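We count ligands from 1, going down the list as the structure has it; atoms in each ligand are counted the same way. Computed from a prediction, not measured in an experiment: that's the story for all the values here. Each residue takes its place number in the sequence, starting with 1.
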Amino acid sequence: MSEILFDRIALIGIGLIGSSIARDIQKLGLAREVVISTRSAETLKRAEELELGTAYTTSAADAVKDADLIIVSVPVGASEAVARQIAPHLKAGAIVTDVGSTKASVIAQMAPHMPENVHFIPGHPLAGTEKSGPDAGFSGLFKGRWCIFTPLPGTDRVALDRLSIFWKALGSMIDEMDPQHHDKVLAIVSHLPHIIAYNIVGTADDLEAVTESEVIKYSASGFRDFTRLAASDPTMWRDVCLHNKDAILEMLARFSEDLAYLQRAIRWGEGDKLFELFSRTRTIRRSIVQAGQDVDMPDFGRHTLDK
Ligand code: NAP
């Protein structure tokens, strides 16, 4: 048990991310009350069955009344609608944050609606899985993962510290950057890999010379590693693409140029160029393991070695 950090927390959106936060709050005892809000009665019922909070409502406006911390965990394209609904009901001094995967767009959507007497601190925990909904969440999702804040100019440091303490209690490491930089970094480390995965799985699905059963049967040769990313939530990823358009298009242009280089090296049999690139990329994997962002096991730890 940790100490109580907020009297009342309102969670707007209770899917993978919202419900993982809810589970950690409960497990660690970080709040006296946790009000859960989601737009559909069905998801709300499931959250109640899972006992994720202390009160439940489909009205985001009702949920935020008297809340000290409000965490918005909905697809980024829904940010403005949520901001409009909650703004008139926020308590003076409350902290409003979000977990959206794009930051400049969320700020543009939410900031204009936020009253002056609340602290709006955009955030993004870099943790997740390909699953969605309240059943997909789990306690410990954020442990050892980064949470990036993109504070607006003039943000109150005390409020920012309180929010940092909350995320640290969940096991996160904290970083701060400006929203445009966040969107560029995330375009390469997260958005592009997902787009490439969606594309390669789509291409395989469209192939006529190779049957679908062969794609599935022989998938362990590499293909299946892309299918995890390509199984991610379509609504979330549609919104990410639409709301980080510029940075994603910039990275895609770079990617296409580099792919053309690789294509040419293969065509002209330039083995040294291929070898040099494949050696360089191998060291990146080692650095990720060293940074504690993945396990040092073959095939992502899928096999337990025989002793
Ligand atoms: P999720 O599991 O699909 O849950 C989405 C939640 O948002 C549900 O409560 C859903 O409500 C609600 N919602 C969906 N559309 C809405 C709309 N138009 N208006 C209001 N509420 C709506 O999603 P998630 O994976 O938790 O993602 C939530 C946010 O976290 C997204 O902004 C995403 O970019 C960000 N994020 C995701 C990951 C990840 O790996 N999944 C990682 C980091 C950040 P109903 O079910 O009641 O419709």
> Please state which protein non-hydrogen atom is closest to atom 20 (C) of ligand 1 and give its distance, to 0.1 Å?
Replying inline: Arg39 CD, 3.8 Å
> Relative to the heavy atoms of Val99, which atoms of ligand 1 are at a distance of less than 4.0 Å?
Replying inline: 29 (C), 30 (O), 35 (C), 36 (N), 44 (C)
> Is there a donor-acceptor contact under 3.5 Å from the side chain of Gln26 to the main chain of Glu51?
Replying inline: yes
> Which is it for Lys103 and Glu176 under the salt bridge (Lys or Arg N to Asp or Glu O under 4.0 Å) test, yes or no, and what are the steps along the way?
Replying inline: CA-CA 12 Å; Lys103 295 276 55 94; Glu176 266 180 52; over 6 Å; no
> Any N/O of Ser101 closer than 3.5 Å to an N/O of ligand 1?
Replying inline: yes
>> Please confirm whether His124 approaches ligand 1 to less than 4.0 Å, judged on its heavy atoms.
In response: yes
> ligand 1 versus Pro125, non-hydrogen atoms closer than 4.0 Å: side chain, backbone, both, neither?
Replying inline: backbone
> Which atoms of ligand 1 sit under 4.0 Å from any heavy atom of Gly100?
Replying inline: 32 (O)
>> Would the distance check show the side chain of Asp24 and the main-chain N or O of Gly140 forming a donor-acceptor pair, the cut-off being under 3.5 Å?
In response: yes
> Less than 3.5 Å between some nitrogen or oxygen of Met236 and one of ligand 1, yes or no?
Replying inline: no
> Given Ile248, which of Leu186, Ile195, Leu242 fulfils the side-chain contact (heavy atoms from CB on, under 4.5 Å) condition?
Replying inline: Ile195
> When you measure from atom 11 (O) of ligand 1 to every protein heavy atom, which one gives the shortest distance, and what is it?
Replying inline: Thr38 OG1, 2.9 Å
> Considering Ser132, Gly128, Ala127, which one's heavy-atom position lies nearest to atom 42 (C) of ligand 1?
Replying inline: Ala127
> If hydrogens are left out, which of Thr58, Ile17, Val74 has an atom nearest to atom 38 (C) of ligand 1, that is, the closest non-hydrogen atom?
Replying inline: Ile17
> Should Leu229 and Met251 be regarded as members of a common hydrophobic cluster, given that ILVMFWY residues are connected when their side-chain heavy atoms come within less than 4.5 Å of each other, either directly or indirectly?
Replying inline: no
> For ligand 1, which part of Ile12 has a heavy atom less than 4.0 Å away: the side chain, the backbone, both, or neither?
Replying inline: neither
> Which residue supplies the protein heavy atom nearest to atom 46 (O) of ligand 1, what is that atom called, and how far is it?
Replying inline: Thr43 OG1, 2.7 Å
> Counting distance only, does the side-chain N/O of Arg46 pair as donor-acceptor with the main-chain N or O of Asp135 below 3.5 Å?
Replying inline: no
> What do you reckon, does Ala81 put a non-hydrogen atom under 4.0 Å from ligand 1?
Replying inline: no
>> Considering Gly15, Gly123, Pro75 one by one, which has a heavy atom nearer to atom 7 (O) of ligand 1 than any of the others?
In response: Pro75
> Would you find a donor on one side and an acceptor on the other, under 3.5 Å apart, between the side chain of Asp294 and the backbone of Val289?
Replying inline: no
>> Within this structure, what is the CG-CD1 distance for the pair Leu44 and Ile36, rounded to the nearest 0.5 Å?
In response: 8.0 Å
> Do any nitrogen or oxygen atoms of Val240 come within less than 3.5 Å of a nitrogen or oxygen of ligand 1?
Replying inline: no
> Does ligand 1 have a heavy atom under 4.0 Å from the side chain of Ser40, from its backbone, from both, or from neither?
Replying inline: both
> What are the atoms of ligand 1, with element, lying closer than 4.0 Å to any heavy atom of Gly13?
Replying inline: 9 (O)
>> At less than 4.0 angstrom from any non-hydrogen atom of Val76, what atoms of ligand 1 do you find?
In response: 32 (O)
> What protein heavy atom sits nearest atom 41 (N) of ligand 1, and how far away is it?
Replying inline: Leu16 CD2, 3.3 Å
>> I need the atoms of ligand 1 closer than 4.0 Å to a non-hydrogen atom of Thr129, numbered in the order shown.
In response: 40 (O), 41 (N)
>> If the cut-off is 4.0 Å to any non-hydrogen atom of Ala78, which atoms of ligand 1 fall inside it?
In response: 17 (C), 18 (N), 19 (N)
>> For the backbone of Ala247 and the side chain of Gln180, can you confirm whether one donor and one acceptor N or O come within less than 3.5 Å of each other?
In response: no
> Does Met110 offer a backbone N or O that forms a donor-acceptor pair with the side chain of Ser79 under 3.5 Å?
Replying inline: no
> Hey, which atoms in ligand 1 end up nearer than 4.0 Å to a heavy atom of Ser73?
Replying inline: 6 (C), 7 (O), 28 (C)
> Hey, what do you get for CZ (Phe300) to CZ (Arg228), rounding to the nearest 0.5 Å?
Replying inline: 8.5 Å
> What orientation do Trp237 and His194 show, parallel under 30°, tilted 30 to 60°, or perpendicular over 60°?
Replying inline: parallel
> After noting the C-alpha distance and the side-chain angles of Glu49 and Lys45, does the key distance pass the salt bridge (Lys or Arg N to Asp or Glu O under 4.0 Å) rule?
Replying inline: CA-CA 6 Å; Glu49 284 164 1; Lys45 183 166 167 271; 3.2 Å; yes
